[in-house]
Amino acid sequence: MDHYDSQQTNDYMQPEEDWDRDLLLDPAWEKQQRKTFTAWCNSHLRKAGTQIENIEEDFRDGLKLMLLLEVISGERLAKPERGKMRVHKISNVNKALDFIASKGVKLVSIGAEEIVDGNVKMTLGMIWTIILRFAIQDISVEETSAKEGLLLWCQRKTAPYKNVNIQNFHISWKDGLGFCALIHRHRPELIDYGKLRKDDPLTNLNTAFDVAEKYLDIPKMLDAEDIVGTARPDEKAIMTYVSSFYHAFSGAQKAETAANRICKVLAVNQENEQLMEDYEKLASDLLEWIRRTIPWLENRVPENTMHAMQQKLEDFRDYRRLHKPPKVQEKCQLEINFNTLQTKLRLSNRPAFMPSEGRMVSDINNAWGCLEQVEKGYEEWLLNEIRRLERLDHLAEKFRQKASIHEAWTDGKEAMLRQKDYETATLSEIKALLKKHEAFESDLAAHQDRVEQIAAIAQELNELDYYDSPSVNARCQKICDQWDNLGALTQKRREALERTEKLLETIDQLYLEYAKRAAPFNNWMEGAMEDLQDTFIVHTIEEIQGLTTAHEQFKATLPDADKERLAILGIHNEVSKIVQTYHVNMAGTNPYTTITPQEINGKWDHVRQLVPRRDQALTEEHARQQHNERLRKQFGAQANVIGPWIQTKMEEIGRISIEMHGTLEDQLSHLRQYEKSIVNYKPKIDQLEGDHQLIQEALIFDNKHTNYTMEHIRVGWEQLLTTIARTINEVENQILTRDAKGISQEQMNEFRASFNHFDRDHSGTLGPEEFKACLISLGYDIGNDPQKKTGMMDTDDFRACLISMGYNMGEAEFARIMSIVDPNRLGVVTFQAFIDFMSRETADTDTADQVMASFKILAGDKNYITVEELRRELPPDQAEYCIARMAPYTGPDSVPGALDYMSFSTALYGESDL
């Protein structure tokens, strides 16, 4: 082991140790090391007024070696021996080697005897050890040091040059462009880099070495021909040469650090501005959607047909199912973005974000509340309107049916009443006419109820605003006028018959009896047919069961009715028998009535046919109501599970957010698992929506099997999604606050435990009295004035509390802290505000003074900065950002194009206008 590379124990040289050991004897490398190390030593020895010519000869007596160490270390070594004997030389070299060892360098196999004897390899190894220790070891770039740090520095400085790729300290430097790029990066006026060519390494190397020697005080340590003529230049020679460039330009490192700080601050500001723009746009879009949607929901213009109203209901379902859910998500995301932005602004020591007028979160919540209120009213109006139209259709059909029956009955009655047949009739005919008229009056009285019903139905259609009311009213008026006319004609004919009755005496009592019994029975059959054909509308099984019971009762009367029919027919048969027996001339028809036995039998047969049809209609309606009941039970069963499930999840999320099980990351993970389980529950909500749609399509308006409506479930589901998202966001903000403010997990747990202890109603906030007690529990002296135990912390108490914690309480400062703890003046303190207050004053954040100091470094200690300096030191986008926003500098030392970086720095932190 006689190679000096093996003597180094520093970690940063270990990877290349074996390679150095094998190639050290290369004559070309030895020549390069001789020249480089000699030049490097002379660059320091000349400060002491001396130099060396031959590196292995001039260090043999140890005197210049000791002098070199004193120059590069700035320390005094032991007094050298001035004798010329070998022992004196060995003593001096040993003093030098001992000094090197005292600096933490372990020398192995390098002895004073080899140096005194002029051993070239050992002498070069010793000089390389000195270079490593005093020129390279202390180089540090982004947590890397020595060789790696020097290489990273070179890579970063030459990165903007596309034809330069520094990967090592040998062949990467052969074309000379690496040296030229280092010089041009720091002193662009010294080299015209655009004229350099990669295929002309000699010119490039000579240009770099000459400029470095002339302007940078870096001696020429290598010849360009030595580097170009070697397949692989010596790494140690190149590192030594490059380290001289590093030390020459080390002052520029401060400017780079200052630029990095400014870049960081500007990046934060740009990100926050983008978040503000995103919030404004999202809020504007959401408010515009609400503004456009509310007039549509406020439109209460009714339709005339059920089909049109059903289409309105379907459009409303599409709105609920397709258009509103994305807006619910946007609203939730808007609140999350707003909270995240405010947290980032606090963490970066920026003023709070105040949205444009009318775009506050509270404005959006108010607009959303108005939307949901109008939406609820619109749905209620739709359902009521459908019920109204359904009722109107039923009444209109009933009106038409009764009117048609009445008009059929009155057809020809006026002509009959106007007949003057009694003038030429016999007495018996007059008697018959009189009895017939009495029967007609009975029939007329029987139809009075129908006329009243027709008028009542018409009145109800008018009250319900039926669209075809004019035609209904006209028809009703015609019936009423005709009815009045019939009454007048009936009275007039009676008076005429009664006058004639005095002259006529005989009448056939059997016809009269037939007429009297046939007319009511005929009315009964007509009423029965009307009832059997009457349409019905029911909503419950109980209602259809009531109709079925009434129908069964009607069927129970049929045997008695049949007996009455047979009795009436028996009277007619008896009349026929008498006529046949006594040969009475009766003109062929009953003079007292127009109701014939054939008509009675025909109507009776019709009644018997209508009974089974009514049975079938009632059975079908009963089945429909049973189906509706199953739909109610199906919906109720699911709603009674989903409703409590949503409430339980809300309570569990509340408990997770206030309990202290594990770290905030554990709570965040737990909440995200809950969020996943909640999202996975969505198919059940969709299934319930499908059942609800079936219920609405079946026109079911109430459900006794559950207290939950679909609206309750929707609102609960939306609140659950919003709550889990907001809770996750709060925990994320707490993590941001904890990490940014340097709060330990134990401190966070202590804050949370104290906060939860005094949050007795588990609302997630503290009232003034609770906040006061919480601060006392954490060691803050609020004051114990027995005369002021009101349960509230007034302004003076809170100011005294802050003063006791070390705050200097002027009026403006006190107002600032109050705005931080309770910015909305709600009278409560949230946990997030509580954490911000406890940790705010200890935060390590950038300040306006720090940014101004960084700009001053870039400006070369001037009170202004130029456009050229900004573009040279900052990335292009951030340089242009500063140029666009910096005001012109107007100080007495101003020059054309000077920019005021001081006002710009204060504006970044809200201390002035940007």
Side-chain angles (χ1 to χ4, degrees), residues 398-426 428-455 457-458 471-472 474-501 504 507-508 511-530 533 568-569 571-572 575 586-607:
K398 193 170 183 179
F399 174 85
R400 286 189 289 270
Q401 187 181 54
K402 287 183 177 295
S404 297
I405 293 173
H406 177 80
E407 288 166 347
W409 178 83
T410 59
D411 185 38
K413 294 296 188 296
E414 291 183 0
M416 181 198 73
L417 292 172
R418 287 191 174 94
Q419 288 179 358
K420 303 216 177 175
D421 52 343
Y422 55 85
E423 292 179 350
T424 58
T426 64
S428 60
E429 290 173 343
I430 293 299
K431 291 280 187 182
L433 290 175
L434 186 57
K435 296 300 181 182
K436 180 182 178 182
H437 188 71
E438 290 176 356
F440 173 76
E441 286 181 327
S442 178
D443 195 7
L444 187 67
H447 280 80
Q448 178 68 34
D449 289 339
R450 182 179 289 113
V451 174
E452 292 176 356
Q453 290 175 5
I454 291 173
I457 293 172
S471 64
V472 170
R475 191 172 184 182
C476 180
Q477 186 63 44
K478 181 179 179 182
I479 290 173
C480 292
D481 292 344
Q482 186 184 40
W483 183 256
D484 293 338
N485 192 32
L486 284 176
L489 291 174
T490 300
Q491 181 64 27
K492 183 177 179 181
R493 184 172 178 83
R494 166 171 277 281
E495 292 173 355
L497 288 173
E498 287 177 348
R499 285 192 305 267
T500 309
E501 186 182 16
L504 306 174
I507 190 82
D508 191 342
Y511 273 123
L512 181 59
E513 180 68 13
Y514 174 89
K516 287 184 177 180
R517 295 182 69 174
F521 186 74
N522 183 64
N523 287 335
W524 175 86
M525 286 192 297
E526 287 182 349
M529 288 188 294
E530 181 179 344
Q533 296 180 83
I568 294 172
L569 293 177
I571 294 173
H572 179 75
V575 169
M586 299 299 297
T589 60
N590 190 329
Y592 304 115
T593 180
T594 59
I595 301 172
T596 65
Q598 294 77 15
E599 185 178 355
I600 291 175
N601 286 330
K603 291 184 178 179
W604 176 257
D605 292 339
H606 192 200
V607 169

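Residue numbers start at 1 and run along the sequence shown. Heavy atoms only: backbone and side chains are in, while hydrogens, waters and symmetry mates are out.
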* Asked: Of all residues at least two apart in sequence or in a different chain, which pass the side chain to side chain contact (heavy atoms under 4.5 Å, CB included) check with Val472?
  -> Phe399, Ala458, Leu461, Tyr466
* Under the side chain to side chain contact (heavy atoms under 4.5 Å, CB included) rule, collect the residues that match up with Ala439, sequence neighbours excluded. => Ala515
* Structure fact -> Residue set satisfying ring pair (Phe, Tyr, Trp, His ring centres under 6.0 Å) with Trp604, at least two apart, ordered chain then number -> none
* Please list, chain by chain and in numerical order, all residues satisfying salt bridge (Lys or Arg N to Asp or Glu O under 4.0 Å) with Lys402, sequence neighbours excluded. => Glu530
* To do: Would you mind reporting whether Arg475 and Cys480 have side-chain heavy atoms less than 4.5 Å apart?
  => no
* Identify the heavy atoms of Leu569 and Pro597 that sit nearest to each other, and give their distance. => CD2-CB, 3.5 Å
* Kindly say whether Met529 contributes a backbone atom to a donor-acceptor pair with the side chain of Gln533 at under 3.5 angstrom? => yes
* Asked: Side-chain contact, heavy-atom cut-off 4.5 Å: Glu438 with Arg494?
  -> yes
* **Set of residues satisfying ring pair (Phe, Tyr, Trp, His ring centres under 6.0 Å) with respect to Phe521, sequence neighbours excluded** => Trp524
* What's the shortest heavy-atom distance between Ala519 and Ile595, and which atoms? -> CA-CD1, 3.7 Å
* Asked: Who pairs with Ser442 by side chain to side chain donor-acceptor pair (under 3.5 Å), at least two apart in sequence or on another chain?
  -> none
* Asked: What is the distance from atom CG of Asn601 to atom CE of Met525, rounded to the nearest 0.5 Å?
  -> 8.0 Å
* To do: Report the distance from atom NZ of Lys413 to atom CG of Leu486, rounding to the nearest 0.5 Å.
  => 8.5 Å
* **Minimum side-chain heavy-atom gap Trp483-Leu444 below 4.5 Å** => yes
* Structure fact -> Looking only at heavy atoms, the pair that brings Arg493 and Gln419 closest together is NH1-O, 2.8 Å
* Structure fact -> In short, salt bridge (Lys or Arg N to Asp or Glu O under 4.0 Å) pairs touching residues 481-492 with sequence neighbours left out are none
* Evaluate side-chain contact (heavy atoms from CB on, under 4.5 Å) for Glu407 paired with Asp411, printing each intermediate quantity in order. => CA-CA 6 Å; Glu407 288 166 347; Asp411 185 38; over 6 Å; no
* For Glu452, what residues pass the side chain to side chain contact (heavy atoms under 4.5 Å, CB included) criterion, not counting sequence neighbours? -> Gln448, Asp449
* To do: Output all residues satisfying side chain to side chain contact (heavy atoms under 4.5 Å, CB included) with Leu489, sequence neighbours left out; order by chain, then residue number.
  => Glu414, Leu417, Arg418, Asn485
* Using the test side chain to side chain donor-acceptor pair (under 3.5 Å), find all partners of Thr410 that sit at least two apart in sequence or belong to another chain. => Gln482
* To do: Rounded to the nearest 0.5 Å, what's the gap from CD1 on Ile454 to CD on Gln401? Could you check?
  => 10.5 Å
* To do: Report the residues that fulfil ring pair (Phe, Tyr, Trp, His ring centres under 6.0 Å) with His447, sequence neighbours left out, ordered by chain and then residue number.
  => Trp409
* Does some side-chain heavy atom of His437 sit less than 4.5 Å from a side-chain heavy atom of Thr490? -> yes
* **Any pair counted as salt bridge (Lys or Arg N to Asp or Glu O under 4.0 Å), so long as it reaches residues 593-604, sequence neighbours left out** => Glu526-Lys603, Glu599-Lys603
* Once you round to the nearest 0.5 Å, how far does CZ of Phe440 lie from CE of Met416? -> 4.5 Å
